[in-house]
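Read the structure below first, then the notes.
What you are looking at is a predicted structure, and each value in this text was computed from that prediction instead of being measured. When a residue number appears, it is its place in the shown sequence, counting from 1.
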Amino acid sequence: MPKIKEEYDVVIIGSGLGGLLCGYVLAQEGKSVCILEKNAQIGGNLQTFKRDKVKFDSGVHYIGGLDKGQALYPFFKYFNLFENVEKELLDKDGYDVISFENDDILYPHGQGYENFVQQLLKHFPKEEEGLRKYCDEIKRICEKFEWYNLHIDYTETDEMSAFSLSAKEVIADCTSDQKLQKVLAGSNLLYAGEGDSSPFYIHALIIDSYIGSAYKLKHSDQISKQLRKDIKKMGGEIFINTEVTKIENTAKQVQYVVLSDGQTIKGKQFISNMHPTQTFKLLNTEGLRKVNVNRMLQLENTVSSFILYIKLKPDTFKFSNSNRYHFIDDDVWNTQKNGPENKLKALAIFNSRPSKDIEYSHTLTAMAYMNYEEVRKWEDSFNTTLSESERSGEYVKFKREKAEELIAALSTVYPGFTDCIESYYTATPLTQRDYIGAVEGGLYGIKKDFNAPVKSFISANTKLDNLFLTGQNVILHGVLGVTISAMVTCQFILGKKYMLDKLKAFV
C-alpha cells in the first residue's frame, strides 16, 4: 500500500458508492485523490461477506434502469461498469411479487409499462384506467429531474414541486381499489415507506427504474472492485483501516483531517461520504451558524432492519427469478410501527443461485424492519473486522429469537422451509451502524417527509467553501440515487454544464 501523502487535491472521507464515484470522476479529471475508509472493506452497502463457504450481499440485491435509453445506463457506461458487472435480468412478468397473509394470489410487478399494466389487469380487470393513471403519474414526476433524464435538454427544472406530494395519497387518487393500492405500494420496503411521510417522488423514481429494467447482480462488490481498480489506474489512492477522527476547519473552509493515529492530511477540497450528522460531529462548529449545525445534528433517520442470511441445503429450494415482498399485516404503509411487542409485520425476501443454469437457490436473504430502540441497550459495544468484540450473551439470545421469528414467517410463505436451512447468520441495526456507518443503523439515511420537504433536504454544497457532501443522504438512496448524488457533488467542483455534457455523451 502506498504511503499517505501530506496533501491532495481532493480528500474523500468514506468509500461508500458515493465516495468511490466522486473519486473516479475527479481522478479522471487529473486531480490527486485520496479516499479514506475506516473499515477493512470498501463499498459501504456494496460490501459482501463469506460464511460457511458462500458469499452474501450485505445490502444491494438488485438494480434498475440499466437498459439503453434508461436512467442508469449512461452512468454505468461512463464509469466503465456496464461490461464489467455480471448481472441477470429478473422475470419480465414479475421482477417483484407482492403477497399477503391469508391470500393465495401472488401479485406481480412486470417490466415495461404496458406489461406492468397487463400483468396486474389479470387480477384487477376493472382497473385499467387506474393503472394507466398511476403509470402516467410516475412518468410525469420522473420527468422533473434533470440528472434522471440525460436525454432531455433542460433550461430549468421543477423538482421542488414534486417534493410535497404524498406517495400514499397519489396512489389512492389513481385507484379506489384498496387492494390494488396495497399492491402498487407493496415494494415500499425499498424506501422505508410510511403513509404519513413518504414522498411520491421517491416512490416514482425507484419504481420507474425497475419497471424500465430490473437486474439481479451476481454480487454487489463487483461495482466497488471495478471502481477501485480504475481509480488506482488513474492515480487515485484508497486507504482502508484509516479512520478520520477530526475535521479541522475555520469558519470559511476545511484545512485538514486528522486520522486516528494522529496523522494529518491536507486538501484543497474535501468530500464527506459519511452521514451528515457524523460529518458535523467531526467539525469545529465554532463560527458556524448554530441553526445550521443543530439541524444537521438532529436529522431524523429512516428505520433500521434485522436481516437473516440463510445458506440453503443443496437442491431443496427452487430458485425464483423474482423478489418477494410479503405482508403479515396488510396495512402496507404501517409496517415500521411494530407496537409494544415488536411483532413482525412484513418481509422482503431475496434468493440467489450460483449460476444462471442452476435450478435451485443456494442462499436466501430475508429483511424485516427493526427499530433501533430494540438494540439500544447494547449500543456501547462495537464489532467490526478491524475491531472484533463479542457482544453479550443476552444480545446473542435476542438475535436468535428474532431469527426464529423470521424463520417461522418464512415457513408460512414457503411450507417446509425449515428443512431447507443449512445455516444462518444475522445482522441488526448495530451491524449496520458498525460496518456501514449508518446512524442508528438507518436503512436509507435521512428520512424524507413530504410534509416538510425543505427540512429533510440536504445539499451537496455546505457553508464551508471547500467541503461537500455525497452519498445516499443527498438526493436519493440506492445505486441509481447515490450515482446521481455523486454527480451533483462533483458539479460543485467541476461545473454543472461540464458534468452534464460528459454524461450526455453516453446516453
Side-chain angles (χ1 to χ4, degrees), residues 1-5 8-50 55-61 63 66 72 74-87 215 217-244 257 259 265 267 269-274 384-386 435-438 468 470-472 477-487 489-490 493-494 502-503 506:
M1 179 182 290
K3 186 173 184 289
I4 306 179
K5 293 182 285 193
Y8 294 83
D9 290 331
V10 185
V11 176
I12 300 173
I13 307 169
S15 72
L17 178 59
L20 291 172
L21 294 175
C22 287
Y24 182 105
V25 171
L26 297 166
Q28 189 182 64
E29 295 298 318
K31 295 183 180 292
S32 60
V33 173
C34 169
I35 301 176
L36 306 171
E37 171 55 53
K38 73 172 184 177
N39 285 326
Q41 189 177 162
I42 65 168
N45 277 312
L46 298 171
Q47 292 181 54
T48 60
F49 64 93
K50 274 190 174 180
K55 193 173 184 178
F56 293 95
D57 293 292
S58 64
V60 175
H61 299 285
I63 59 177
L66 197 51
L72 192 57
F75 296 104
F76 261 50
K77 293 293 284 187
Y78 170 81
F79 284 110
N80 193 32
L81 293 171
F82 193 83
E83 289 83 8
N84 291 301
V85 171
E86 193 173 344
K87 53 198 175 295
Y215 285 89
L217 299 176
K218 183 175 181 181
H219 284 297
S220 57
D221 65 351
Q222 295 174 95
I223 295 175
S224 53
K225 285 179 176 178
Q226 184 62 41
L227 290 170
R228 177 179 61 190
K229 177 182 174 182
D230 288 339
I231 289 168
K232 288 187 174 182
K233 191 183 297 182
M234 293 184 288
E237 296 177 355
I238 302 174
F239 299 94
I240 59 171
N241 301 330
T242 306
E243 183 177 7
V244 173
V257 297
L259 305 183
I265 304 174
Q269 287 154 326
F270 295 81
I271 297 173
S272 177
N273 192 192
M274 298 171 66
T384 64
T385 305
L386 184 62
Y435 279 91
I436 310 299
F468 307 93
T470 197
Q472 68 175 356
H477 60 274
V479 171
L480 177 57
V482 172
T483 300
I484 292 174
S485 299
M487 296 302 98
T489 301
C490 290
I493 297 173
L494 300 172
K502 278 260 184 182
L503 269 297
F506 292 89

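Nearest heavy-atom pair, I35 versus I231, reported as atom, atom and distance to 0.1 Å: CD1-CD1, 4.0 Å.
Listed for the S58 side chain is a donor-acceptor partner under 3.5 Å among the backbone atoms of Q47. Of the possible donor and acceptor atoms, none in the side chain of S485 sits under 3.5 Å from a partner among the backbone N and O of T483. Proximity of a side-chain donor or acceptor of N45 to a complementary backbone N or O of V60 within less than 3.5 Å is not detected. Between the side chain of S32 and the backbone N or O of D9, at least one donor-acceptor pair lies under 3.5 Å. A donor-acceptor pair under 3.5 Å is formed between the side chain of Q222 and the backbone N or O of H219. For Q41 (side chain) and T48 (main-chain N/O), a donor-acceptor pair under 3.5 Å exists by modelled atom type.
Between I12 and the options C22, S272, C34, a side chain to side chain contact (heavy atoms under 4.5 Å, CB included) holds for only C22. Of the options Y78, F75, F82, a ring-ring contact (aromatic ring centres under 6.0 Å, His included) to F506 is made by Y78 and by none of the others. Of the listed residues (V479, V85, L480), just one forms a side chain to side chain contact (heavy atoms under 4.5 Å, CB included) with I63, and that residue is V479.
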For this session: Please lay out, stage by stage, how V244 and L259 fare under the test side chain to side chain contact (heavy atoms under 4.5 Å, CB included).
Result: CA-CA 4 Å; V244 173; L259 305 183; 3.9 Å; yes
Exercise. Given the rule in the side chain to side chain contact (heavy atoms under 4.5 Å, CB included) test, do K229 and N84 qualify, once you have shown the distances and angles that lead to the verdict?
Worked result: CA-CA 11 Å; K229 177 182 174 182; N84 291 301; over 6 Å; no
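The environment of NZ in K218 is sparse: at most 12 heavy-atom neighbours from other residues, nucleotides or ligands sit within 6.0 Å.
A salt bridge links E29 with K502; the closest basic N to acidic carboxylate O contact falls under 4.0 Å.
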